[in-house]
Amino acid sequence: MNLAATCARAGERTLLVDVDFRRPSLASAFPDDGHNIGLVDVLAEDIPWSRAVVRTEIPNLDFIPAG
């Protein structure tokens with residue numbers, strides 16, 4: 001998470017993906033306002049990946065929760 005934030009603050013467009021399906025921990029760091037879509041839904045081919053992206057308060061940093 002820190003590396004992603006550092007890259008984003010340096011001006012790089014960054015997408016952080018939480019792939020720990022057993023114990024997802026990154027979602028608590030990025031409030032999603034009821035966003036219930038995640039990587040599980042994308043992998044099940046229920047939705048396109050772009051709908052799972054959560055915008056963060058850090059410019060250039062987006063996040064996909066595990067789901």
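Residues forming a side chain to side chain donor-acceptor pair (under 3.5 Å) with R55 (at least two apart in sequence, or on another chain): D62. Taking L43 as the reference, F21, L39 meet the side-chain contact (heavy atoms from CB on, under 4.5 Å) condition, with sequence neighbours excluded.
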Practice task
Decide yes or no on side chain to side chain contact (heavy atoms under 4.5 Å, CB included) for I47 and V42, but give the supporting numbers first.
Solution key: CA-CA 5 Å; I47 61 163; V42 174; 4.0 Å; yes

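The salt bridge (Lys or Arg N to Asp or Glu O under 4.0 Å) pairs that include a residue from residues 17-29 number zero, where partners must be two or more places apart or lie in different chains.
Clustering ILVMFWY residues whenever any of their side-chain heavy atoms sit less than 4.5 angstrom apart, transitively, puts V17 in a cluster other than the one holding L3.
For the pair A52 and P65, the tightest heavy-atom approach, listed with the atom from each and the gap, is O-CD, 3.6 Å. For the residue pair E12 and N60, the shortest heavy atom distance occurs at O-CB, 3.4 Å.
Separating the CG atom in L16 from the SG atom in C7 is a distance of 10.5 Å, to the nearest 0.5 Å.
When the options T56, T6, I58, L61 are evaluated for a side chain to side chain contact (heavy atoms under 4.5 Å, CB included) with T14, the one that passes is L61.
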